[in-house]
Amino acid sequence: MSHEWTFQKKVVGGFVVMVCVAVVTALVAIYALRAVITSKDAVLSIHANGLIDAAKLDAAIDEQVAGFRAYVVSPEERFLKQWDQGRNQSLLLLDEFSRRTLTDDGNRLVAEIRKSQQQLAELQERAIRMRNTKAGLEGATQIMLHDAIPIRERLGQQTQNYVELNQRLLEEAKQRSTADATSAMRLVIALACFAVLFATVTAFFLSRALTRQVGSAVQHVQSSSAELQSTANQQATGARETASAMSEVTTTMGELLVTTRQISESAQRVAHMAQETASAAHSGDEMVAKMQEAIGEIRQQVDEIVSHMLDLGRKSQQIGGILDIINELAEQTNILSINATIEAAGAGEAGKRFAVVGDEIRKLADRVSGSTKEIRGLVEEIRGAVNTTVLATEGGSKAVDVGLRHFEDVNKSFKQITSLVGTTTEAAQEIELGTKQQTTAVEQVNSAIAGAAQAARETETSTSQTLQTATQLAHLSHDLSQIVRAHAAAA
């Protein structure tokens, strides 16, 4: 059976079993996690939410009682709405209690709370009706003090009992959830230990099988590498002698070709430099012309800026006139507010609200007056900035004129440089043509010799690589053989 199973099949089989164990462990972990999550959700959705709803119920009853007391003291519609809203909210929460409560004690407490809530609502409703009759405040107060308050206290105690019951159930659910999580953790740890043990045993048997198979292959590799190393040594000796002879001839031709190329490259650089100089001079000429046009446009823009600044100065003066009108209106408004305050003081109690309005108008007039002063200061700063800008732009215009005259001188110099560079370019091109013809002839001779030298070098390189590979293969097979023997001896 061991001869039928190859090493690859054994590794795949062990891997499949390990995957199965890992899948089982993952499924158990997922099941345990779901159980813990389900227990946690039950704790949160039933008991924890029951505590929250109990707090909401207590707040709704407080709102109901507060609205009722306020209505008894002052029978206004908004207090009656507050009472009705608190009563409806408490009824809705009691219905929610009935749906969520699953124990007999809980249902009993919910029934008691509902009964007390109904009694409290009926007493409050009767007191509200009495407050609207001739009995008035005194009768409603008697019902509130002697009947409603005891029921409210009993209702609070019942709500507290319900809270204590949910707290006890919550603690019990937490303990059950912890116990489930502990059991699941133990099961997962047991599966993990089994997987580690199985992996250890599988690795041991696979290692023994690999040692036997690799030992046989290493012996064949050692014999083949020795034969290959001997053949490569013979080929490397012959190729080295051929490459040495061709290398001497190639060196001589290479020196001649290098000298010829240096002359050709020097001539080419001179020609290229002359052409680049001519192109740069022509480009500089065009750039100077463009700069003259740009400076002319800058001068036009400077003139437009001066015009806009002067217009801004005129508009700031107009703003100053408008501020004078606003300031005058603020002073008139202030006088009117003072008169309104005086009239309100004379009117007595009926003129208090009018006095408040007059005072607010006076404050507004003071703020407007202060704002106009700030705006006037800003306008004065704008005027000063406009004058400074106008002076600066005039100086810039004069500098632009000087720059135009300098650019004209530079343009003349570029034209002279272009003329001289043209003559230099023609001479450099003639030298370049002669050196190219000489370089072509030398390259043809060197190409033939380089082909033979390259073939010799490639042969030498190939044999050297073959020898190196054979040597490495021999060392590798020797090292592998020692590893296999050491492993077999340890086993």
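The figures that follow rest on heavy atoms only: side chains count, while hydrogens, waters and symmetry mates do not.
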So does [Y] get a backbone contact from the side chain of [X], meaning a donor-acceptor N/O pair under 3.5 Å?
{"X": "Asn88", "Y": "Asp84", "result": "yes"}
{"X": "Asp311", "Y": "Ser307", "result": "no"}
{"X": "Ser116", "Y": "Ile113", "result": "no"}

To the nearest 0.5 Å, what is the distance between [atom1] ([X]) and [atom2] ([Y])?
{"X": "Ser90", "Y": "Asp58", "atom1": "OG", "atom2": "CG", "answer": "11.0 Å"}
{"X": "Leu57", "Y": "Leu91", "atom1": "CG", "atom2": "CG", "answer": "9.5 Å"}
{"X": "Glu96", "Y": "Leu94", "atom1": "CD", "atom2": "CG", "answer": "10.5 Å"}
{"X": "Gln157", "Y": "Asn161", "atom1": "CD", "atom2": "CG", "answer": "5.0 Å"}
{"X": "Leu109", "Y": "Glu164", "atom1": "CG", "atom2": "CD", "answer": "9.5 Å"}
{"X": "Phe68", "Y": "Arg131", "atom1": "CZ", "atom2": "CZ", "answer": "10.5 Å"}

| task | Determine, stepwise, if the pair Arg367 / Lys363 fulfils side-chain contact (heavy atoms from CB on, under 4.5 Å). | result | CA-CA 6 Å; Arg367 288 197 297 271; Lys363 293 179 181 178; 4.1 Å; yes
Which atom names give the shortest non-hydrogen contact between [X] and [Y], and what distance separates them?
{"X": "Phe79", "Y": "Tyr71", "answer": "CB-N, 3.8 Å"}
{"X": "Gln82", "Y": "Ala66", "answer": "NE2-CB, 4.0 Å"}
{"X": "Leu145", "Y": "Pro150", "answer": "O-CD, 3.9 Å"}

| message | The test is side-chain contact (heavy atoms from CB on, under 4.5 Å); show your working for Ile375 and Ile326 and say whether it passes. | response | CA-CA 11 Å; Ile375 295 172; Ile326 294 172; over 6 Å; no
| field | Within 6.0 angstrom of Arg186 CZ, more than 12 heavy atoms from elsewhere | value | no
| task | Return yes when atom CZ of Arg154 has more than 12 non-hydrogen atoms of other residues, nucleotides or ligands closer than 6.0 Å, and no otherwise. | result | yes
| query | Does Lys115 have any side chain to side chain contact (heavy atoms under 4.5 Å, CB included) partners at least two apart in sequence or in another chain, and if so, which? | reply | Gln119
| message | Applying side-chain contact (heavy atoms from CB on, under 4.5 Å) to Asp324 and Glu328, what does each step give before you reach the verdict? | response | CA-CA 6 Å; Asp324 292 335; Glu328 184 177 354; over 6 Å; no
| Donor on one side chain, acceptor on other, Gln124 and Gln64, under 3.5 Å | yes
| Can Glu122 and Arg126 be counted as an ion pair, charged N to O under 4.0 angstrom? | no
| task | Before accepting this row, confirm whether a basic side-chain N of the pair Lys81/Glu77 lies closer than 4.0 Å to the acidic partner's carboxylate O. | result | no
| Taking C-beta and beyond as the side chain, do Gln167 and Val163 meet within less than 4.5 Å on heavy atoms? | yes
| task | Determine whether Leu165 and Thr103 make a side-chain contact, defined as any pair of heavy atoms from C-beta on separated by less than 4.5 Å. | result | yes
| request: Apply side chain to side chain donor-acceptor pair (under 3.5 Å) to Arg114 and list each qualifying residue two or more places apart in sequence or on a separate chain. | output: Asp95, Ser98
